[in-house]
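We use all heavy atoms of the structure for the numbers below, so side chains are in, but hydrogens, waters and symmetry mates are not. Numbers here are sequence positions counted from 1.
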Amino acid sequence: MDEFKLPPTRQAKMQALNPLMGLTILIVEDSRYASESLRLLSLRSGARIRRADCLSSARRHLQVYRPSVAIIDLGLPDGSGLDLIQDLAMASPRLPVILACSAADPHDSAAEAKTAGADGFLAKPIGTLAHFQETILRHLPPDLAPKTPHAVAGDTVIPDPIAYREDLTHAIDLLDQPDPPLPYLRPFLMGIAQEAGDRELAEAARGLMRDTRAALRHALTQKIAEISPRL
């Protein structure tokens with residue numbers, strides 16, 4: 001049986017509304033909340049997605065398939081995303097688009113990512129669908145770029161708050177370890193606080209190195225209690 005194909009006019013209309021249609025995006029992100037945001041942005045743009053929450057998981061994915069775009073968070077639980085970016089940039093064949101993503105200082109993070117070989121940088125929170133789409137479209141090679149004019153959406157996405165609660169619960173689990181990974185945990189919490197626009201959590205995370213773990217754990221528990229009734 002012949003493969004079903006849309007009429008050219010319908011295909012062009014769908015491409016205009018979904019400018020990333022036909023692309024596969026690998027999201028390498030440890031935060032469930034930030035990952036959910038990127039998932040929604042990708043799907044709203046027409047792209048297929050794969051997700052990995054650490055370097056080892058991402059490398060396993062890349063042994064099986066080759067995405068069109070890789071969006072890699074710089075702070076991951078098992079190392080720096082810069083290492084993966086550097087490996088992908090040097091690989092042959094090279095992935096079409098490699099983007100770094102971080103909630104840390106955008107100027108310094110973007111410079112480090114570019115040195116490692118990234119094509120571009122997405123600062124968290126990403127904000128509008130337009131910014132997400134334009135960043136990817138700007139770096140696509142001609143053979144993957146849309147062949148028809150496209151409409152770039154200016155709206156935003158709102159991730160499921162359940163994903164935010166899962167991030168907070170994960171942070172508590174890390175805090176409860178005999179030797180908690182504080183150098184990793186602080187930027188992890190700062191990142192999800194910035195993604196969610198949560199100033200209270202950001203302040204609690206800033207104090208992690210000077211306050212006791214118990215104080216931060218109490219703040220996270222209170223935050224989960226505030227979120228749960230709204231779910």
Any salt bridge between Arg94 and Asp119, counting N to O under 4.0 Å? yes
Would you say the side chain of Leu175 lies within less than 4.5 Å of the side chain of Leu182, judging by non-hydrogen atoms? yes
Nearest heavy-atom approach of Gln177 to Pro181 is OE1-CD, 3.7 Å
Value rounded to 0.5 Å, distance of CG in Leu74 from CG in Leu76: 8.0 Å
Minimum-distance pair of heavy atoms, taken over all atoms of His61 and Ala52: CD2-CB, 3.7 Å
Hey, what do you get for OG (Ser37) to CZ (Arg32), rounding to the nearest 0.5 Å? 13.5 Å
Hey, could you give me the CG/CD1 distance between Asp87 and Ile98, rounded to the nearest 0.5 Å? 10.0 Å
Is there side-chain contact between Leu220 and Leu189, with heavy atoms separated by less than 4.5 Å? yes
What class does the angle between the rings of Tyr164 and Tyr33 fall in, given that below 30° is parallel, 30 to 60° is tilted and above 60° is perpendicular? tilted
Do Ile49 and Ile158 land in one hydrophobic cluster if side-chain heavy atoms of ILVMFWY residues count as linked below 4.5 Å? no
Between Glu36 and Pro159, which heavy-atom pair has the shortest distance, and what is it? CG-CB, 3.7 Å
Joint cluster assignment, Phe121 & Leu99, ILVMFWY side-chain distance < 4.5 Å: no
More than 12 heavy atoms from other groups under 6.0 Å of CD on Glu226: yes
Evaluate the side-chain proximity of Leu26 to Leu95: yes if any heavy-atom separation is below 4.5 Å, no if none is. no
Treating Ile, Leu, Val, Met, Phe, Trp and Tyr as nodes and any side-chain heavy-atom pair under 4.5 angstrom as an edge, say whether Leu23 and Leu41 lie in one connected cluster. yes
Flag yes if Leu82 and Tyr184 sit in one hydrophobic cluster, no otherwise; membership is Ile, Leu, Val, Met, Phe, Trp, Tyr, and two members link when side-chain heavy atoms are under 4.5 Å apart. no
If you group Ile, Leu, Val, Met, Phe, Trp and Tyr by side-chain heavy-atom gaps below 4.5 Å, do Leu62 and Ile85 land in one group? yes
Gap separating the CZ atom of Arg51 from the OG atom of Ser42, nearest 0.5 angstrom: 9.5 Å
Would you indicate whether the side-chain heavy atoms of Val28 and Asp73 approach each other to under 4.5 Å? no
How close do Leu88 and Ala70 get, heavy atom to heavy atom, and via which atoms? CD1-CB, 4.3 Å
To check you understand the geometry: which heavy-atom pair defines the closest contact between Pro77 and Asp30, and what is its length? CD-CB, 3.7 Å
Is there side-chain contact between Leu137 and Leu20, with at least one heavy-atom pair below 4.5 Å? yes
Side chains of Pro180 and Leu185: does their closest heavy-atom pair fall under 4.5 Å? no
Indicate whether the side chain of Ser228 and that of Arg165 have a donor and an acceptor atom separated by less than 3.5 Å. yes
Calculate, to the nearest 0.5 Å, the distance between atoms CG and CG belonging to Asp83 and Asp78 respectively. 10.0 Å
What I'd like to find out is whether the side chain of Glu195 reaches to under 4.5 Å of the side chain of Ser31, using heavy atoms alone. no
Before giving the answer on side chain to side chain contact (heavy atoms under 4.5 Å, CB included), spell out for Ile192 and Leu168 the whole-Å C-alpha distance, their side-chain angles and the decisive distance to 0.1 Å. CA-CA 9 Å; Ile192 63 173; Leu168 299 179; 4.1 Å; yes
Has Asn18 got a side-chain atom pairing as donor or acceptor with Met21's backbone, closer than 3.5 angstrom? no
Which atoms form the tightest heavy-atom contact between Ala116 and Ala89, and what is the distance? O-CB, 3.9 Å
Decide yes or no for Arg44 and Phe132: does some side-chain heavy atom of the first lie under 4.5 Å from some side-chain heavy atom of the second? no
Taking Ser68 for the side chain and Thr24 for the main chain, is one N or O donor matched with an acceptor at less than 3.5 Å? yes
For the atom pair CD1 (Ile25) and CG (Leu38), what is the distance rounded to the nearest 0.5 Å? 8.5 Å
